[in-house]
Number of protein chains: 4
Amino acid sequence: MQSTPENHQPGCRWLRRKEARPGEIMDAALAVFIEKGYAGTKMEDIARQAGVTKGTPYLYFQNKEELFREIIKSAIQPRLDEVQSYIDASADHSLQQQLQNIADHWRQTVLETPRSGILKLMMAEAGNFPDVAAYYDTHVIQRFHQQLIHLLETGMARGEIRRLDPVYAAHIIIAPMLYSVMHKHCFAQQNQQTRLDSQLLFQQALDILFNGLRTTDIQTHHG
Amino acid sequence: MQSTPENHQPGCRWLRRKEARPGEIMDAALAVFIEKGYAGTKMEDIARQAGVTKGTPYLYFQNKEELFREIIKSAIQPRLDEVQSYIDASADHSLQQQLQNIADHWRQTVLETPRSGILKLMMAEAGNFPDVAAYYDTHVIQRFHQQLIHLLETGMARGEIRRLDPVYAAHIIIAPMLYSVMHKHCFAQQNQQTRLDSQLLFQQALDILFNGLRTTDIQTHHG
Amino acid sequence: MQSTPENHQPGCRWLRRKEARPGEIMDAALAVFIEKGYAGTKMEDIARQAGVTKGTPYLYFQNKEELFREIIKSAIQPRLDEVQSYIDASADHSLQQQLQNIADHWRQTVLETPRSGILKLMMAEAGNFPDVAAYYDTHVIQRFHQQLIHLLETGMARGEIRRLDPVYAAHIIIAPMLYSVMHKHCFAQQNQQTRLDSQLLFQQALDILFNGLRTTDIQTHHG
Amino acid sequence: MQSTPENHQPGCRWLRRKEARPGEIMDAALAVFIEKGYAGTKMEDIARQAGVTKGTPYLYFQNKEELFREIIKSAIQPRLDEVQSYIDASADHSLQQQLQNIADHWRQTVLETPRSGILKLMMAEAGNFPDVAAYYDTHVIQRFHQQLIHLLETGMARGEIRRLDPVYAAHIIIAPMLYSVMHKHCFAQQNQQTRLDSQLLFQQALDILFNGLRTTDIQTHHG
DNA sequence: TATGAATGAGCGTTCATTCAT
DNA sequence: CATGAATGAACGCTCATTCAT
């Protein structure tokens, strides 16, 4: 999917200067795209948010669409293996502990940062950028899904959880994560009373999940 | 769904369908809004989808924004008490059975119909229509949330489930519903391999939830 | 200038039915055209004002422009010789009396009727309908101007007024008439305090005019 | 008048004239509004007349209506006290001399410039912009009317003219001014034979008026 | 590099006009 | 004759994009 930022040969169609400017513009653009959607966002809004004038974004990005795609790409690229390395590093923890760690980490590095908006943005614009959405789905969501499946299978193999379809179980683990993102970006800002403490949410989710996922230790307690 | 715009005989420049038109246009508009978002949707797209020409929607709706709001309103109004009455009718069932019924009913009447798109649309456009989003949140999401809380509290009082914070438990029940909507409208169409069987999803979700929500009869077994 | 209403042969492009409807529509159209101008007037406004629906005016007039032209024509035609015959009938009166009569008559049959609006309409639309304006100028304004010139020349020949350029004198007689029309249609409706009593206006105008137009035989009479 | 749009060199897609533009656009807009009326004028006509493209006027004026109102405002503002100061400066002249000066001045600075069109425009659009028309009436026409009334009253007090209603006398002085404006903008361009020499018109008007307004100098001849 | 005046394709909306009823 | 739903050309206005400065 388009050349990565690193491979900018001379002759590369779009200039990429890896100084501060492009990053500032992408940050600004992300914020505005999340708030207003792709079509609802004016290049001038982005420029103003970035503290530059109308023409400047065009020095770094060929056009609005490329700017949009770059944002998504730049959000996907660096994270592709992040979770995996994180998982590998804690391979000897219990499944519950691993999931707890993943949730905590994700909460701190995604949910509570502007990057959570990428997900919301992808959802909103999937119809207009099906290729980007498919790419995001494949490389982010499904990848994470596979990682969860693997964790669950390992957990089953270890006897930590009872046997069940790991594919759907993984969906059920992902669901509250997506839910918290949508809540944050769609409703929380207006209805202040609708506070959602995501730490509590994940804590309770894991509690509920595990007291159900766990192999019937009840019986074992009997013995 | 949409009454067939195909029934234009050639030679008949237009049909007169004063009663049917608004509904047809709203159906068409919903479909296009969901796909492209509010700003990305052209009135002419809507008209074409409805089988009319660009001027016709303006005979029934003042402008694009009013058409948008009407769609949301018309989706909210009739459902306000639907779930409640459904809940009331099955008050004597077990909690698990009630949740199963709710999930089935919702799947058949919302998820598997175009109306599921309303939720996706609300999420995508919350930034541009904060008032509508807040209204939707209050009257649909929070209301359903309250209903779930009530069910959970009743279940706790009855001893069907163990004591826990019903607010967050309800969030965890809602999460897979929202997840399935997003999946359907954002990714399923492109990545055909990403099939999500929502019936299975909810079935397994309830299985997992209940084998965790269930009061820890383990302890009682201990005594 | 287009065929007159009378000559509607079969085959005539535009139907003219001389019953009530066309007249009602023209009256309505005149009122709205005067108020809003040609371009600012919607055919539906005209129809509503006439108590019919959108399509009806098209049964009698080919299109908006023809309707407009018909109104002007119908206002011009019947008046072409009206003033002349009126003048002829009072040929033996004094010039001052004749002018007084003309002013009274014009005030009652034009200024104080909706027909005064035709003049205002012509002025407003002269740029868009130069042919109509030129026709109106030639056949109404200049014609009246010529009639006044003739009266003034007669008055000079009779020794009723001193010798001066009758062309400009006639302009000066016409000016208050146009002034009263503009006042009525442009300002009087808003600023109610700006009442202009046209009878008084013409009375004083004639007084002033005649005490100046009169040959200075005063001195001679004295001696 | 309008700065030459001709000075576009070929090969230069646009000129940057931030300071000059608003004035150029207003000049162009005034010309087109006068010719075609408000509703009949397309923004693109204005732009073309100003030598720019359709988007440019919107860089300086919010919309068509604001552009219209600005034109009127800008024509009213600077003139509010112009006549008064002019009158004050010639307070010791005879009334006839004062009126002659006013007429000359007005002819040179208004009638024979594009600004005369403002009056025509106000008349044509009074129905669509009643607030603007009322403002114009109050601050331009009635104000001038009051100034004339004051001059006439002074003239009466000085014994320069006989006693009469100064309100209507002032109307009669204004009438030829309005008449000449209408003539210029509505008929003169088409019917070239209808030449109206405004200098002659006012000269003769004053002659006629004064030979009637003058206190009966007849008596003075007696002494 | 950065600016921002200017461009012009494109969309929302209107309304003169048509024609099946 | 009359209606009014539907049409579609045209206009107001926006905003992504360009490029002289």
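- Mapping Lys42(D) and Glu65(A) onto DNA chain F by nearest heavy atom places Lys42(D) closer to the 5' end of the strand.
- Mapping Lys64(C) and Tyr60(D) onto DNA chain E by nearest heavy atom places Tyr60(D) at the nucleotide closer to the 5' end.
- Side-chain N or O atoms of Glu125(C) include one that pairs as donor or acceptor with a backbone N or O of Tyr38(C) at under 3.5 Å.
- Sequence order on DNA chain F of the closest nucleotides to Tyr38(D) and Ala39(A) puts Tyr38(D) first from the 5' end.
- Between Asp45(C) atom CG and dG4(F) atom C1' there is a gap of 16 Å when expressed in whole angstrom units.
- Nearest-nucleotide assignment on DNA chain E puts the 5′-proximal partner with Gly55(A), out of Thr41(B) and Gly55(A).
- One finds no salt bridge joining Arg69(B) and Glu66(B) here, because no Lys/Arg side-chain nitrogen approaches an Asp/Glu carboxylate oxygen to under 4.0 Å.
- Following rounding to the nearest Å, Phe61(D) (CZ) and dG12(F) (P) show an atom-to-atom distance of 16 Å.
- Distance from the side chain of Val52(C) is smallest for dT3(F) among the nucleotides dT17(F), dA6(E), dT3(F).
- If you measure from atom CD of Glu19(B) to atom P of dT21(E), you get 14 Å, rounded to the nearest angstrom.
- Which of dA5(F), dA6(E), dT7(F) sits closest to the side chain of Lys54(A) comes down to dA6(E).
- Between Phe68(A) and Phe33(A), the ring-plane angle classifies as perpendicular under the 30° and 60° cut-offs.
- His185(D) contributes no side-chain N or O that, together with a main-chain N or O of Lys120(D), makes up a donor-acceptor pair within less than 3.5 Å.
- Without hydrogens or angle criteria, Lys54(A) side chain to Arg48(A) main chain gives no donor-acceptor distance under 3.5 Å.
- When the side-chain nitrogen and oxygen atoms of Arg21(B) are compared with OP1 and OP2 of dA6(F), one or more of them lie within a distance under 4.0 Å.
- dT21(E) is paired with dA2(F) under the criterion used here, namely a Watson-Crick or G-U wobble arrangement in which both key atom distances are under 3.5 Å.
- Looking at Lys64(A), its side chain does come within 3.5 Å of a backbone N or O of Thr41(A) through a donor-acceptor pair.
- Here dG4(E) is the nucleotide among dT17(E), dG4(E), dC13(F) with the atom lying nearest to any side-chain atom of Thr53(A).
- Straight-line distance from the CD atom of Glu44(B) to the C1' atom of dG8(F): 9 Å, rounded to whole Å.
- The listed nucleotides are dT17(F), dA6(E), dA2(F); the one nearest the side chain of Leu59(D) is dA6(E).
- OP1 or OP2 of dA6(E) has not a single side-chain nitrogen or oxygen of Tyr58(D) nearer than 4.0 Å.
- Rounded to an integer number of Å, the gap from CD1 of Ile46(C) to P of dC15(E) is 12 Å.
- Residue Arg48(B) contributes atom CZ, which lies 15 Å from atom C1' of dT7(F) at whole-angstrom precision.
- Listed nucleotides: dT17(F), dA5(E), dC13(F). Nearest to the side chain of Asn63(A): dT17(F).
- Taking atom CZ of residue Phe68(A) and atom P of nucleotide dA16(F), one finds them 14 Å apart after rounding to whole Å.
- Distance, Met43(D) CE to dC11(E) P: 21 Å, rounded to whole Å.
- Contact annotation: Thr56(B) side-chain N/O to dA5(F) OP1/OP2 distance is not under 4.0 Å.
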